[in-house]
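Structure incoming, see below.
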Amino acid sequence: MKYYLSAALTIRTKWFDSLKEWFLWNKFIGVEHFYIVDDNKDKPLKDFFKNFSDQITFIDDINTDESIPQRELFQIIYDRHRGESHWMAFIDDDEYIMSLQDLTFVNFLKSNEDQRGVELTSRFFGPHGYHKHEGLKCHENNLILDRYWLYESKPIVKSIVNSKIVSSLAEGCGPHRLVPSGVIDCFGNDVEPIEDTVVSSKWGVTDKIVNNQGAIHNPRFIINHYGLKSLEEIEYKLFERGAFMERTSENRLLYRTHQLIQQLFSTTKSVNQNHKVNFNNFYFKSCLPDVRLEFKQYCEDHKDKF
C-alpha cells in the first residue's frame, strides 16, 4: 500500500489559519495522505494546498450541491481508495486526534493491525466567549489548541478503519460508526457491536449513533473537537454552511438552529445551576508541553508552504 495512515473528509470553510493548523497537526501525528471533497466555492482548496498536491487526492466528481449523506460520501471514498492506505481515518477539519499520554498514534495502530477498526470518543470544546477565533493580533503567537481548555466528554465516536481487513463500510449507521464489529477503543479493548448500540438522549446527541465508552477515564487517545470556536463561526455554520443533506431542505435553518443551540447549551452547563455536569480542563501548554513545542516548531518550518 502507498500509505500507512490517511484521512478522508469534506471541507467547507473560510478560516484558513485554522485549516492550516489542523492539516499540519495531522501530518505531525503521522497522516501521510488526505482524501478531500472540496466543498469550498469561493476559494478552491487546491490553490491553498498547492504545495502539498502529492499528499492530497481531491474527489472532483461529486456534486456538493446535491443531497448526499455523509456516510454515502465516505463509502464512495472508501470503495475507490481503500487499496491505497492501511488505515483510513474519517474525521472532520475541526477534530484533532490527541494522545493525552504523549503516545504515538501510528505506533498504536501498528500494534493492533489484526483489528478491523478503532473508535475514538470526543471531547467537545466550546467557543469560550470569542467573537473571532483567528486573524487578530492576539492569535499570532498561539494555536487553536492553546485557546480552548474547558471541555465536556461525549460518547460521539469517529472511526479509523483498517482497510486491509474491512472490505466495505457498514450500512445504515451514519457517519460515526463505520465498522459493525471487531473494533477496539483507545486502550485496545473491544467495544460493543453496532447492533448493540443504544442512542442515548442524555448526551444531547440523539441524532448521532454513539457507543457507551464516552466517559472513559484518562484515555490514551481522544478526539479534541473544536466545533464552535467563535460567534462568527456559529453564524457561519447556521446561515452559510450546513451539511450536504441539509442544503436542499426547507427545514435546513430550523435543523441547524436546533443543533447549534443543543451544542451551545451543552458548553454552558458549567455555569447553569440547573444542570450538573462534570467539566474538565485541558491546557495544551501544561498538559503536553514537549508536544506543543515540537508542533509549534513544525508549524514554523512549514509556514511558507501556504
Single hit among Val157, Val118, Ile184, Asp185 for side chain to side chain contact (heavy atoms under 4.5 Å, CB included) with Val191: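 It is Asp185, the one option of Val157, Val118, Ile184, Asp185 that forms the side chain to side chain contact (heavy atoms under 4.5 Å, CB included) with Val191.
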Passes side-chain contact (heavy atoms from CB on, under 4.5 Å), Arg292 versus Leu145? Steps please. CA-CA 9 Å; Arg292 181 182 180 275; Leu145 294 170; over 6 Å; no
Of all heavy-atom pairs between Pro127 and Tyr148, which one has the smallest distance, and what is that distance?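 Heavy atoms only, the tightest pair is O-CE2, 3.8 Å.
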Checking side chain to side chain contact (heavy atoms under 4.5 Å, CB included) against Phe284, which of Asn224, Ile144, Leu143 comes through?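 The residue from Asn224, Ile144, Leu143 that satisfies side chain to side chain contact (heavy atoms under 4.5 Å, CB included) with Phe284 turns out to be Leu143.
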For Phe124 together with Tyr151, are the ring centres under 6.0 Å from each other?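 Between Tyr151 and Phe124, the centre distance exceeds or equals 6.0 Å.
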Can you check whether Lys158 reaches Asp92 side chain to side chain, under 4.5 Å on heavy atoms?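 Lys158 vs Asp92: side chains touch.
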Could you check if a side-chain atom of Phe90 sits within less than 4.5 angstrom of a side-chain atom of His176, using non-hydrogen atoms only?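 No; the side chains remain at least 4.5 Å from each other.
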As an exercise, state the distance from OG of Ser6 to CD of Glu84, rounded to the nearest 0.5 Å.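 Spacing of OG (Ser6) from CD (Glu84) equals 8.5 Å.
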Which word best sums up how the rings of Phe52 and Phe23 line up, parallel for under 30°, tilted for 30 to 60°, or perpendicular for over 60°?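 Because their plane-to-plane angle is over 60°, the rings of Phe52 and Phe23 count as perpendicular.
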Do Leu109 and Leu5 come close enough that some side-chain heavy atom pair is under 4.5 Å?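 Side-chain contact under 4.5 Å: yes.
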Verdict with supporting geometry, Leu73 and Thr10, side-chain contact (heavy atoms from CB on, under 4.5 Å): CA-CA 9 Å; Leu73 184 62; Thr10 300; 2.8 Å; yes
Would you sort out whether Ile222 and Arg123 count as a side-chain contact (heavy atoms from CB on, under 4.5 Å), showing the intermediate values? CA-CA 7 Å; Ile222 199 77; Arg123 302 185 305 179; 3.5 Å; yes
Where is the tightest heavy-atom contact between Lys296 and Asn141, given as atom of each residue plus distance?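 Looks like NZ-O, 2.8 Å.
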How close do Asp54 and His33 get, heavy atom to heavy atom, and via which atoms?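 Result for this residue pair: O-CE1, 3.6 Å.
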Atom CD1 in Ile160, atom CG in Asn162: separation rounded to 0.5 Å?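 That separation rounds to 11.5 Å.
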State, with a plain yes or no, whether a side-chain heavy atom of Cys186 is found less than 4.5 Å away from one of Pro219.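 In contact.
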Proximity of Phe28 and Tyr298 rings by center, below 6.0 Å: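 Close enough - the centres of the two rings lie under 6.0 Å apart.
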With rounding to the nearest 0.5 angstrom, report the CD to CD distance, Glu233 to Glu134.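 The distance works out to 9.0 Å.
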Any heavy-atom pair between the side chains of Val183 and Asp190 that's under 4.5 Å?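 No; the side chains remain at least 4.5 Å from each other.
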Let me confirm one number: the CG-CD distance from Leu24 to Glu300, rounded to the nearest 0.5 Å.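 Between Leu24 CG and Glu300 CD, I get 11.5 Å after rounding to 0.5 Å.
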Leu150 side chain near Phe282 side chain, heavy-atom distance below 4.5 Å: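 A side-chain contact is absent here, since even the closest heavy-atom pair is not under 4.5 Å.
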Spell out, as yes or no, whether a donor-acceptor pair under 3.5 Å connects the side chain of Lys237 to the backbone of Gly227.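 A pair under 3.5 Å: yes.
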Using salt bridge (charged side-chain N to carboxylate O under 4.0 Å, His left out), reason through Lys303 and Asp17 one step at a time and then give a plain yes or no. CA-CA 10 Å; Lys303 68 179 183 180; Asp17 285 347; over 6 Å; no
Would you mind reporting whether Lys20 and His302 have side-chain heavy atoms less than 4.5 Å apart?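 No, every pair of side-chain atoms sits at 4.5 Å or beyond.
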Mind telling me whether Phe49 and Phe306 have parallel, tilted or perpendicular rings, with 30° and 60° as the class edges?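 Correct class here is perpendicular.
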Taking all non-hydrogen atoms of both residues into account, name the closest pair between Trp87 and Glu113 and its distance.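 Taking Trp87 first and Glu113 second, the nearest heavy atoms are CZ2-CA, 4.0 Å.
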Inspect the surroundings of NZ in Lys164 and state if more than 12 heavy atoms from other residues, nucleotides or ligands are less than 6.0 Å away.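 Counting other residues, nucleotides and ligands, NZ of Lys164 stays at 12 neighbours or fewer.
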Under 3.5 Å, side chain of His139 to main-chain N/O of Leu136, donor-acceptor pair present?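 Indeed, once roles are kept as given, a pair shorter than 3.5 Å links the two residues.
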Got a donor-acceptor contact below 3.5 angstrom from the Ser85 side chain to the Arg82 backbone?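 Answer holds: no.
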Give the ring-plane orientation class for Phe48 versus Phe16, where under 30° counts as parallel, over 60° as perpendicular and anything between as tilted.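 The rings of Phe48 and Phe16 sit tilted, inter-plane angle from 30° to 60°.
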Flag yes if Leu100 and Tyr283 sit in one hydrophobic cluster, no otherwise; membership is Ile, Leu, Val, Met, Phe, Trp, Tyr, and two members link when side-chain heavy atoms are under 4.5 Å apart.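 Both belong to a single hydrophobic cluster.
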Show the nearest heavy-atom pair for residues Trp22 and Glu95, with the distance to one decimal.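 Minimum heavy-atom contact is NE1-O, 2.9 Å.
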From CA spacing to verdict: side-chain hydrogen bond (donor to acceptor under 3.5 Å, both in side chains), Asn40, Arg12: CA-CA 5 Å; Asn40 251 39; Arg12 188 182 192 190; 5.6 Å; no
Any side-chain heavy-atom pair of Phe34 and Asn26 under 4.5 Å: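 Yes - at least one pair of side-chain heavy atoms lies under 4.5 Å apart.
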Quick one: does any side-chain atom of Asp47 pair with a main-chain N or O of Lys43 as donor and acceptor, under 3.5 Å?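 A pair under 3.5 Å: no.
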Could you go step by step and tell me if Tyr35 and Met88 meet the side-chain contact (heavy atoms from CB on, under 4.5 Å) rule? CA-CA 9 Å; Tyr35 298 95; Met88 191 174 291; 4.0 Å; yes
Spacing of Thr121 atom OG1 and His225 atom NE2 [to the nearest 0.5 Å]: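 Answer rounded to 0.5 Å: 13.5 Å.
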If you look at every heavy atom in Ile97 and Trp25, which pair is closest and at what distance?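 Nearest heavy atoms, Ile97 then Trp25: O-NE1, 2.9 Å.
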Shared hydrophobic cluster, Met98 / Leu103 (ILVMFWY, side-chain heavy atoms < 4.5 Å):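 The answer is yes; both residues are in one hydrophobic cluster.
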Is atom NZ of Lys2 surrounded by more than 12 heavy atoms (other residues, nucleotides or ligands) closer than 6.0 Å?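 Counting neighbours around NZ of Lys2, 12 or fewer heavy atoms of other residues, nucleotides or ligands fall under 6.0 Å, so no.
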Rounded distance [0.5 Å steps], NZ in Lys110 versus NE2 in His86: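 So the NZ of Lys110 and the NE2 of His86 are separated by 10.5 Å.
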Would you sort out whether Glu119 and Ser159 count as a side-chain hydrogen bond (donor to acceptor under 3.5 Å, both in side chains), showing the intermediate values? CA-CA 5 Å; Glu119 288 183 352; Ser159 297; 4.5 Å; no
Matching residue for Phe125 among Tyr96, Tyr226, Tyr130 - test: ring-ring contact (aromatic ring centres under 6.0 Å, His included):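 One option only clears the test, and that one is Tyr226.
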Looking at Arg116 and Ser163, would you say the former's side chain and the latter's main chain have a donor-acceptor pair under 3.5 Å?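 Not confirmed, Arg116 side chain does not pair with Ser163 backbone.
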Do His128 side-chain atoms and Gly126 backbone N/O form a donor-acceptor pair below 3.5 Å?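 At least one qualifying donor-acceptor pair exists.
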With no hydrogens and no angle check, is any side-chain donor or acceptor of Ser99 less than 3.5 Å from a backbone partner on Asp102?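 Yes, Ser99 side chain to Asp102 backbone: donor-acceptor pair under 3.5 Å.
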